[in-house]
Amino acid sequence: AVRWALDKYTKWSTVHKSDQLTVTVVFASAYGYTRRLKDVIVDELLKGGALVHVFEVPNVEIARIVGKIEESDVLIVASPTFVGDGIKPIYDVLNSLNPVIGHGKYASAFGSFGWSGEAIRNYLNRAKELRFKTVDDGFKVRLKPSEKDVEAARVYARNFITKVREELNK
């Protein structure tokens, strides 16, 4: 009976990870600008061979998102900057994490902004507090992404996945 219980506990408490580089993207978009960036960046991550889980907040239960983050190698959060900061639905996800979940994982952030763009820096600072590693300063675009911005988003995604793979192979 004890062996049975221990086996069940081990099964239930073990996080099952994919052999592929796994990325969870959590995003929110007010005017569609961050959504456009998300589409481009996710496309590049997939082209780079990553397994990508995408969640739009606040439309998905936080517990489901946290479960995927636990299984992932990477967390990327994305949103517009609103009144000089990130937005509550993204912070709700970040505040549902802890340093045990973040330890050994990588994080980045991207989004659009109108005036200042502090959300990206603030999200990355919170991720660092949660012991996620960062390999860049994220990516941000002023207002609606131009074609030049879209190409820069592609480069950001390719560079990010390359840097994470290099770090994981050290």
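All values below were derived from every heavy atom in this structure, side-chain atoms included, with hydrogens, water molecules and symmetry-related copies excluded.
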Quiz item: Heavy atoms, side chains only, cut-off 4.5 Å: are Y156 and S108 in contact?
Solution: yes
Quiz item: Is the backbone N or O of E70 less than 3.5 Å from a side-chain atom of K105, with the two atoms forming a donor-acceptor pair by type?
Solution: yes
Quiz item: Which heavy atom in A107 sits nearest to a heavy atom in F132, and how many Å separate them?
Solution: CB-CB, 3.7 Å
Quiz item: If you measure from CD on E129 to CG on L97, what distance do you get to the nearest 0.5 Å?
Solution: 12.0 Å
Exercise. Determine whether L46 and F160 fall in the same hydrophobic cluster, where Ile, Leu, Val, Met, Phe, Trp and Tyr are linked whenever their side-chain heavy atoms lie under 4.5 Å apart.
Key: yes
Quiz item: Are F113 and I90 connected in a single hydrophobic cluster, I mean Ile/Leu/Val/Met/Phe/Trp/Tyr linked by side-chain heavy atoms less than 4.5 Å apart?
Solution: no
Quiz item: Looking at S29 and Y33, what are the two nearest heavy atoms and their distance?
Solution: OG-N, 3.6 Å
Exercise. First locate atom CG of L168, then atom NZ of K170, and finally report the distance between them rounded to the nearest 0.5 Å.
Key: 10.5 Å
Self-check item: Atom NZ of K144 with >12 non-hydrogen neighbours under 6.0 angstrom
Solution: no
Practice problem: Start with the C-alpha distance between E166 and K163, add both sets of side-chain angles, then the distance that settles salt bridge (Lys or Arg N to Asp or Glu O under 4.0 Å), and finish with yes or no. | Solution: CA-CA 5 Å; E166 287 171 357; K163 288 175 188 174; over 6 Å; no
Quiz item: Could you give the distance from CD (E71) to CD1 (I101), rounded to the nearest 0.5 Å?
Solution: 11.5 Å
Quiz item: Relative to the ring of H53, is the ring of F55 parallel (under 30°), tilted (30 to 60°) or perpendicular (over 60°)?
Solution: parallel
Quiz item: Between R121 and E118, is the closest basic N to carboxylate O distance under 4.0 Å?
Solution: no
Practice problem: Evaluate whether atom CG of D137 has more than 12 neighbouring non-hydrogen atoms of other residues, nucleotides or ligands under 6.0 angstrom away. | Solution: no
Self-check item: Note, V54 side chain near F27 side chain (heavy atom, < 4.5 Å)
Solution: yes
Quiz item: What pairs of residues pass the salt bridge (Lys or Arg N to Asp or Glu O under 4.0 Å) test when at least one of them lies in residues 145-155, not counting sequence neighbours?
Solution: D43-R154, E44-R154, E151-R158
Self-check item: Check against side chain to side chain contact (heavy atoms under 4.5 Å, CB included), L75 and V93
Solution: CA-CA 11 Å; L75 168 64; V93 171; 5.6 Å; no
Exercise. Give, for atom CZ of R131 and atom CG of N98, the distance between the pair rounded to the nearest 0.5 Å.
Key: 10.0 Å
Quiz item: Other than I120, which residues form its hydrophobic cluster under the rule that side-chain heavy atoms must be closer than 4.5 Å?
Solution: L124
Quiz item: Going by heavy atoms in the side chains, are I161 and V23 under 4.5 Å from each other?
Solution: no
Quiz item: Taking all atoms of both residues into account, what is the closest heavy-atom pair of A109 and Y123, and its distance?
Solution: CB-CB, 4.1 Å
Quiz item: Under 4.5 Å between any side-chain heavy atoms of V135 and V164, yes or no?
Solution: yes
Quiz prompt | Heavy-atom closest pair, residues S116 and T81 | solution = OG-CG2, 4.2 Å
Quiz item: Can you tell if the side chain of V83 reaches within under 4.5 Å of the side chain of W115, non-hydrogen atoms only?
Solution: no
Self-check item: Side-chain touch V42/V25, heavy atoms, less than 4.5 angstrom
Solution: yes
Quiz item: Is a side-chain N or O of T34 found less than 3.5 angstrom from the main chain of G111, in a donor-acceptor match?
Solution: no
Quiz item: Do I69 and Y91 share a hydrophobic cluster (ILVMFWY, side-chain heavy atoms under 4.5 Å, transitive)?
Solution: yes
Quiz item: Between R126 and N122, is any pair of side-chain heavy atoms under 4.5 Å apart?
Solution: no
Quiz item: Name the one of V26, V57, D92 that satisfies side-chain contact (heavy atoms from CB on, under 4.5 Å) with I62?
Solution: D92
Quiz item: Is V60 reachable from V74 through a run of I, L, V, M, F, W or Y residues, each pair having side-chain heavy atoms under 4.5 Å apart?
Solution: no
Quiz item: Between P80 and A28, which heavy-atom pair has the shortest distance, and what is it?
Solution: CD-O, 3.3 Å
Quiz item: Does V52 belong to the same Ile/Leu/Val/Met/Phe/Trp/Tyr cluster as L21, with side-chain heavy atoms less than 4.5 Å apart forming each link?
Solution: yes
Self-check item: Spatial distance of atom OG (S79) from atom CG (L37) [nearest 0.5 Å]
Solution: 11.0 Å
Quiz item: How many angstroms lie between atom CG of L130 and atom CG of L94, to the nearest 0.5 angstrom?
Solution: 6.5 Å
Quiz item: How far apart are the closest heavy atoms of R36 and P145, and which atoms are they?
Solution: CG-CG, 4.2 Å
